[in-house]
Trainee: 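Have a look at this one.
Order of the sequence lines sets the chain letters (A, B, ...), proteins ahead of strands, with each chain counted from 1.
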Amino acid sequence: MKTKHTLLLLFIIPLLSFTTHKYYLSLTQLTYKSEAKSIQIIMNVFMDDIEVALNKDYNIDLQLTTKKELKNNDVYFESYLKEKLLFKVDGIAKTFNYIGKEYDGDLVYFYLEIENINQLETIHVTNNILTKHFPEQQNLVKSKVGKKNKSVLLTKDDNNTTLKF
Amino acid sequence: MKKLGLLLFSFVFVATSYGQITKQGHTNQNKFRQLKQELPTPNLERTASGAPGKEYTQQKVDYSMDIILDDEKTKITGAETITYHNNSKDNLTYLWVQLDQNMRAKDSKTPDISPNSIPNKLSKSRFDKNYVEEAFDGGFNIMSVTNMDSSKLSYTINQTMMRINLPNPLASGATFKFNIEWWYNINNHREDGGRSGYEHFPEDGNNNYVIAQFYPRMCVYDNVEGWQNDQFWGRSEFALEFGDFTVNITVPEDHMLGATGVLQNPKDVFSKKELKRREEASKSFSEPVIIRTQEEAEKIEKSKATKTKTWKFVAENVRDYAFATSRKFIFDAMAVNINGKTVMAESLYSKEANPLYGDHSTRAVAQTLETYSKYTFDYPYHKAISVDGQMGMEYPQICFNPGRPDLEDGGYSDRMKYRMVKVTIHEVGHNFFPMIVNSDERQWTWMDEGLNSYMEMLAELDYDKDFPIVRGYPKNIVKYMAGDQSKIAPIMSKGDNVYAFGNNAYGKPATALWILRETIMGKELFDHAFKTYSQRWMFKRPSPADFFRTMEDASGIDLDWFWRGWFYTTDVTDIGIKSVKKYNTKEVEDSVEFVEDTSEGLGFASKQNKYHYEITYEKPGGLVMPIIVEFTYKDGSKEKKTYPAQIWRYTDDEVTKVFSSTKQIASIMIDPDLETADVDTSNNSFPRQDASKFDQFKEKVKN
């Protein structure tokens with residue numbers, strides 16, 4: 001029932017005289033830092049969307065940025081991101097460190113880092129962020145290795161890609 | 001002799017053509033050139049100062065209507081007499097009427113102009129709606145259009161508009177009266193969307209009606225657009241004339257109803273108990289008084305009356321009419337003191353919206369009336385109602401708002417509370433823009449949405465000083481303005497044709513006004529000018545030029561460059577520091593010589609009485625904006641200097657400026673408080689701060 005309401009909302013909002021964000025997009029920026037031998041990752045998503053997703057998946061009530069904000073919510077974010085966001089560097093699966101998050105307006109920024117990468121030729125990204133609850137979700141991945149920039153737009157059905165540098 | 005002359009001539013000619021290349025001229029591209037080409041020429045109706053001129057006119061349209069709601073068939077039947085006062089200086093050979101409901105008719109062209117594609121997946125119900133079920137049978141069914149003597153009046157329907165073919169031209173100053181009878185099926189707005197409609201509650205079989213665009217209403221005729229001739233496609237809203245309304249609305253006997261206008265027969269529609277509580281509410285300035293309680297409403301919604309009741313209203317000087325009605329409605333109200341005049345703040349909501357609406361709806365209405373009145377003009381109407389309509393849509397004296405409890409225990413989260421209060425303030429705020437400052441929404445969405453989104457921020461901060469503002473601050477608009485230019489339109493675009501509607505018509509203009517107030521003009525000059533605009537155009541129809549001109553005229557600040565950049569282009573702010581040179585001074589006889597100190601960084605090699613810095617500022621962004629510089633001295637103290645935008649009037653790409661100080665500078669930062677919506681801050685500091693956003697965050701977490 002709840003899902004139905006959310007879905008309805010997606011269709012109705014564009015007609016109203018008050019508008020909230022009407023698009024469903026996340027941005028994941030990957031930067032390879034050769035001096036630090038790490039891939040630095042900054043990902044941002046709309047706060048209300050990720051809150052809906054986590055509340056449903058973990059049966060919690062996050063209430064982000066409010067006085068009633070659920071404490072230790074990083075546990076859930078880390079678990080969610082590690083389940084939905086997967087990386088392979090030169091064909092080998094790599095996990096990332098969850099460094100933390102910060103809020104900016106209606107966005108949440110996550111800071112993640114894959115360490116001990118001496119060199120790389122390809123990064124394979126699987127991104128399932130928010131696609132379960134928001135079928136229209138699009139996940140933009142931008143990457144920078146050395147002087148090469150690559151970007152790709154992932155969706156629910158086209159959820160992974162290999163970036164070659 | 002002739003030969004010699006020819007020889008001389010060719011010599012001169014050759015010399016000239018060898019000597020120089022003919023230079024090409026150019027037109028004035030200076031970003032500070034005035035908006036002479038963009039703005040209409042001032043005239044006696046609209047002056048160069050931005051005020052209405054001595055020959056300003058607007059039409060007046062009075063409506064007398066009998067409306068019947070059929071709850072069983074979710075259908076509205078109406079009969080109206082329109083009295084059209086031609087106050088213009090022109091004789092009119094025809095009149096145009098708006099038939100907004102036809103946007104939902106089976107032959108509507110709105111779906112035809114919306115590109116679509118096969119999605120990967122749809123919910124079953126959405127699939128049925130889009131691909132299986134027959135389209136909703138909406139749109140006006142016009143039963144008759146007649147003269148006052150009941151004879152038929154010729155008319156032509158063109159989609160969402162209807163031309164009345166007058167038997168004789170309507171002379172300037174004359175009045176024409178005619179009748180229309182119609183009916184239409186009401187849409188379920190929760191399932192099909194829309195700016196009005198009904199919500200169905202399967203549990204008790206009831207409907208909450210929030211009804212608007214329910215009657216054929218006159219198009220605007222003025223000297224800016226002529227007859228407004230742009231169809232209602234569904235997004236760009238309304239252009240309407242002021243007038244007086246006498247409306248009788250017949251609904252099931254057990255309904256609670258709210259509408260535009262002063263209720264004429266309270267004794268016929270309220271119980272004795274409710275009349276008494278209504279009286280109490282009109283004296284309660286500190287908290288709402290519940291006129292129909294949840295307990296009473298819950299009892300009423302369990303059965304369905306077969307008899308009807310007629311609510312009678314008179315509304316003076318309004319541009320539109322709307323109402324909300326349901327047997328589920330709880331009703332509360334409180335009094336608001338607007339400069340000595342009592343105005344009622346009211347709410348209608350079903351139990352599904354409580355306790356959220358009971359706690360915040362009427363209070364948010366009251367706050368809006370107070371804050372907006374302070375910055376514009378005293379709210380001139382007698383009331384403002386917020387309805388649990390589960391959308392966000394505004395009409396005179398009444399608006400339909402979203403938000404219901406979202407927690408398992410029936411309570412609501414802070415996010416839900418703030419969202420509901422935010423939209424309520426926004427929609428109630430529309431009473432000022434465009435219900436009273438009656439801009440043309442069909443042409444210019446930003447004129448009401450942008451101004452209202454800006455005012456909304458002030459009311460939100462008055463409601464709760466920690467109110468989470470998500471739109472309107474310069475930093476909030478950076479992502480949009482820095483985005484893909486092929487998906488951005490200038491603010492000065494028609495609403496139907498812009499890409500990111502919310503950012504284009506709400507966020508960016510609200511930010512522009514915020515920047516004018518906080519950074520460019522200052523609060524005092526801005527507030528005076530904004531109030532002047534509001535009061536000049538109260539109950540009149542301003543155009544963009546009237547706003548631009550008044551803001552300059554009343555503040556004594558030329559802002560043509562700001563309007564040009566922020567409203568007519570999609571340019572962005574990006575100002576940075578390109579380089580810094582340091583100079584010592586040396587006295588040589590009668591003069592002083594400047595000697596460059598070429599040591600690394602901002603520090604000087606030796607102590608000086610005064611340190612001179614020659615700073616080159618670069619501007620990769622197309623917008624001209626003030627350069628806000630913060631100098632941090634070696635002793636840790638700071639000094640801020642703002643160079644007005646006009647510093648860019650000779651060169652648009654870079655400018656050099658000297659800064660002299662008795663103390664040495666350690667670092668320089670542009671726009672330290674993020675006031676200008678700078679899209680690239682990587683060039684804002686000197687020496688460059690190389691630490692990336694990632695490294696900065698990691699460092700912060702470590703500490």
Trainee: Distance check, rounded to the nearest 0.5 Å: A:Gln63 atom CD versus B:Asp406 atom CG?
Mentor: 7.0 Å
Trainee: Would you say A:Lys84 has more than 12 foreign heavy atoms packed within less than 6.0 Å of its NZ?
Mentor: yes
Trainee: Is atom NZ of A:Lys82 surrounded by more than 12 heavy atoms (other residues, nucleotides or ligands) closer than 6.0 Å?
Mentor: yes
Trainee: Which atoms of A:Leu107 are under 4.5 Å from chain B, going by heavy atoms: the side chain, the backbone, both sets, or neither?
Mentor: side chain
Trainee: Looking at every heavy atom in both A:Asp48 and B:Arg415, which two are closest together, and how far apart are they?
Mentor: CB-CD, 4.3 Å
Trainee: More than 12 foreign heavy atoms under 6.0 Å from CD of A:Glu69: is that the case here?
Mentor: yes
Trainee: Give a yes or no on this: more than 12 heavy atoms of other residues, nucleotides or ligands lie within 6.0 Å of atom OH of A:Tyr76.
Mentor: no
Trainee: Between CG of B:Asp414 and NZ of A:Lys68, what distance do you get to the nearest 0.5 Å?
Mentor: 5.0 Å
Trainee: Indicate the atoms forming the closest heavy-atom contact of B:Phe694 with A:Leu112, along with that distance.
Mentor: CE1-O, 3.1 Å
Trainee: In terms of heavy-atom proximity below 4.5 Å to chain A, should B:Lys479 be classed as side chain, backbone, both, or neither?
Mentor: side chain
Trainee: For the atom pair CD (A:Glu113) and NZ (B:Lys698), what is the distance rounded to the nearest 0.5 Å?
Mentor: 3.5 Å
Trainee: Tell me whether the count of non-hydrogen atoms from other residues, nucleotides or ligands lying under 6.0 Å of CD in A:Glu121 goes above 12.
Mentor: no
Trainee: Kindly determine whether A:Asp61 and B:Glu408 satisfy side chain to side chain contact (heavy atoms under 4.5 Å, CB included), including the steps that lead there.
Mentor: CA-CA 10 Å; A:Asp61 182 20; B:Glu408 294 290 323; over 6 Å; no
Trainee: If you measure from OG1 on A:Thr65 to CG on B:Asp466, what distance do you get to the nearest 0.5 Å?
Mentor: 11.5 Å
Trainee: Taking side chain as everything from C-beta outward and backbone as N, CA, C, O, which of these in A:Asn44 sits under 4.5 Å from a heavy atom of chain B? Side chain, backbone, both or neither.
Mentor: side chain
Trainee: With a 4.5 angstrom heavy-atom cut-off, which part of B:Tyr412 approaches chain A: side chain, backbone, both or neither?
Mentor: backbone
Trainee: Heavy-atom count check: over 12 atoms from other residues, nucleotides or ligands less than 6.0 Å from A:Lys156 NZ?
Mentor: yes
Trainee: Supply the atom-to-atom distance B:Arg471 CZ to A:Asp106 CG, rounded to the nearest 0.5 angstrom.
Mentor: 8.5 Å
Trainee: Are more than 12 heavy atoms, taken from residues, nucleotides or ligands other than A:Asn59, located less than 6.0 Å from that residue's CG atom?
Mentor: no
Trainee: Taking the side chain as everything from C-beta on, heavy atoms only, tell me whether B:Lys693 gets closer than 4.5 Å to A:Thr31.
Mentor: no
Trainee: Please classify the contact between A:Glu51 and chain B as side chain, backbone, both or neither, with a heavy-atom cut-off of under 4.5 Å.
Mentor: side chain
Trainee: With rounding to the nearest 0.5 angstrom, report the NZ to CZ distance, A:Lys101 to B:Phe697.
Mentor: 8.0 Å
Trainee: Can you tell me if NZ on A:Lys150 sees more than 12 non-hydrogen neighbours from other groups inside 6.0 Å?
Mentor: yes
Trainee: May I ask you to check if B:Lys700 and A:Tyr111 form a cation-pi contact, with NZ or CZ under 6.0 angstrom from the six-membered ring centre and within 45° of the axis?
Mentor: no
